[in-house]
Amino acid sequence: MTQMSITGKKKVAIIANGKFQSKRVASKLFSVLRDDHAFYLTKKNPDIVISIGGDGMLLSAFHMYESILDKVRFVGVHTGHLGFYTDYRDFEVDELIETLRADKGESVSYPVLNIRTTLADGRVLTARALNEATIKSIEKTMVADVIINHVQFECFRGDGLSVSTPTGSTAYNKSLGGAILHPTIEALQLTEISSLNNRVYRTIGSSLIVPKKDKIEIIPKRLGSYTMSVDNKTFTHKNVAKVSYQIDPKKIKFVATPRHTSFWNRVREAFIGEIGHEI
């Protein structure tokens, strides 16, 4: 099919994990959208990415298309446990198809984390995270200066540090005791991972909410190997000189579907469920 013949069509990519139910949903979506003249199925430069599986699959889809965040929107279908980023259940595919047909291009946007890692040999590695990024020492206790907005804040000692986005505040950050942050508050959250506190060594001990304009810099005091995670990816780097974290200029955009409930509804459904009332 030539480019001329797809003018005016919505370019859609369908991304699914390997589970049977996900493949079944993907097959149904592919069959219906392929025969619908309003859509053109392609994984190259899509307008809309349909992620089928769960939050992990959505994270993978985000990283597949993070270079074109300003041009693409996402929508998720969950086929297992309730997904925080996914709007539709596997039995609501027909509803999703009707939503896509009626779509006018509206979106809901969330902040993204930008990570810049400088190695001792001068190399600079860049990445984006939708949820969070962490740094941990492999060989021994991590000792690192923490600099916030050019202010040397503390010398951290412990297992590591996590920096999360507002939407990522409900993920690993929450399990570390961090706060849940509404995504309209475009800020970073710095949370400790098993800090070492005694009469000699002290850290702030609580998570820090850092505004959008500020940069967080972590400068390890020891050479060695460090494990660094970016969402669901993990890397090992030797001799990390500095890691900088900021809110990225780009945001992730989701299709503004009727199923895209408020942030607080999502938090309640994910962690509390039905609310019982006692008399």
Side-chain angles (χ1 to χ4, degrees), residues 1-17 22 25-26 29-30 32-78 83-88 93 95-116 124-133 165-168 183-184 186 188 212 230-233 245-261 263 266:
M1 184 175 288
T2 65
Q3 184 66 34
M4 183 72 71
S5 64
I6 66 170
T7 301
K9 294 177 181 283
K10 296 172 185 173
K11 294 186 290 181
V12 177
I14 299 173
I15 310 295
N17 63 23
S22 300
V25 171
L29 278 169
F30 186 89
V32 173
L33 297 184
R34 177 192 57 196
D35 296 332
D36 192 311
H37 296 301
F39 302 99
Y40 175 65
L41 293 174
T42 178
K43 290 187 177 180
K44 183 178 181 180
N45 298 320
D47 303 311
I48 296 173
V49 174
I50 304 174
S51 167
I52 305 170
D55 284 347
M57 193 64 235
L58 193 284
L59 288 173
S60 296
F62 163 77
H63 287 291
M64 288 177 65
Y65 295 102
E66 64 177 278
S67 64
I68 58 168
L69 286 182
D70 52 343
K71 300 177 182 178
V72 67
R73 293 177 295 151
F74 296 82
V75 62
V77 179
H78 53 265
F84 198 87
Y85 289 115
T86 49
D87 294 329
Y88 291 88
V93 174
E95 185 179 342
L96 169 59
I97 292 169
E98 290 307 311
T99 296
L100 293 175
R101 286 171 175 157
D103 173 58
K104 303 297 184 193
E106 297 178 342
S107 61
V108 178
S109 301
Y110 295 136
V112 170
L113 177 63
N114 181 281
I115 307 107
R116 184 181 176 90
V124 177
L125 311 173
T126 60
R128 290 188 179 99
L130 179 56
N131 273 356
E132 77 281 310
T165 66
T167 50
T184 57
E186 293 188 43
L188 305 176
K212 177 182 178 179
V230 177
D231 288 333
N232 52 1
K233 299 179 180 179
Y245 305 89
Q246 285 182 292
I247 292 291
D248 196 87
K250 295 184 178 181
K251 293 184 176 182
I252 184 173
K253 294 184 288 187
F254 289 88
V255 175
T257 73
R259 286 281 178 182
H260 200 91
T261 57
F263 178 77
R266 288 170 179 263

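In this chain, residues are counted from 1 in sequence order. Given the structure is predicted, the values throughout are model-derived calculations rather than measurements.
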Quiz item: Can you find a side-chain donor-acceptor pair between Tyr85 and Ser51 that sits under 3.5 Å?
Solution: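 Per modelled atom types, Tyr85 and Ser51 side chains form no pair under 3.5 Å.
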Do [X] and [Y] have side chains that approach each other closer than 4.5 Å (heavy atoms only, starting at C-beta)?
X: Leu33; Y: Ile50; result: yes
X: Val230; Y: His63; result: yes
X: Asn45; Y: Lys11; result: yes

Practice problem: Could you give me the CA-CA distance, side-chain angles and deciding distance for Ile48 and Asp103, then say whether side chain to side chain contact (heavy atoms under 4.5 Å, CB included) is met? | Solution: CA-CA 11 Å; Ile48 296 173; Asp103 173 58; 4.0 Å; yes
Looking at [X] and [Y], what are the two nearest heavy atoms and their distance?
X: Ser22; Y: Gly53; answer: OG-CA, 3.8 Å
X: Ile52; Y: Ala26; answer: CD1-CA, 3.5 Å
X: Asn232; Y: Gly56; answer: ND2-O, 3.4 Å
X: Gly54; Y: Asn17; answer: N-ND2, 4.5 Å
X: Lys43; Y: Tyr65; answer: O-OH, 2.8 Å
X: Arg73; Y: Phe254; answer: CB-C, 4.4 Å

Enter the distance from [X]:[atom1] to [Y]:[atom2] here, rounded to the nearest 0.5 Å.
X: Arg116; Y: Leu125; atom1: CZ; atom2: CG; value: 9.5 Å
X: His260; Y: Tyr88; atom1: NE2; atom2: OH; value: 10.5 Å
X: Lys253; Y: Glu106; atom1: NZ; atom2: CD; value: 12.5 Å
X: Ile14; Y: Leu29; atom1: CD1; atom2: CG; value: 5.0 Å
X: Lys233; Y: Ser60; atom1: NZ; atom2: OG; value: 7.5 Å
X: Lys10; Y: Phe39; atom1: NZ; atom2: CZ; value: 5.0 Å

Quiz item: So does Asp87 pair up with Arg266, basic N to acidic O under 4.0 Å?
Solution: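 Arg266 and Asp87: salt-bridged.
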Taking [Y]'s backbone N and O only, do any of them form a donor-acceptor pair with [X]'s side chain (distance below 3.5 Å, no angle check)?
X: Thr257; Y: Arg259; answer: yes
X: Asn114; Y: Tyr245; answer: no
X: Thr165; Y: Leu130; answer: yes

Quiz item: Are more than 12 heavy atoms from other residues, nucleotides or ligands located less than 6.0 Å from atom CD of Glu98?
Solution: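 Check passes, neighbour count above 12.
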Exercise. For the pair Arg128 and Leu69, evaluate side chain to side chain contact (heavy atoms under 4.5 Å, CB included) and give the outcome as yes or no after the intermediate values.
Key: CA-CA 11 Å; Arg128 290 188 179 99; Leu69 286 182; 4.1 Å; yes
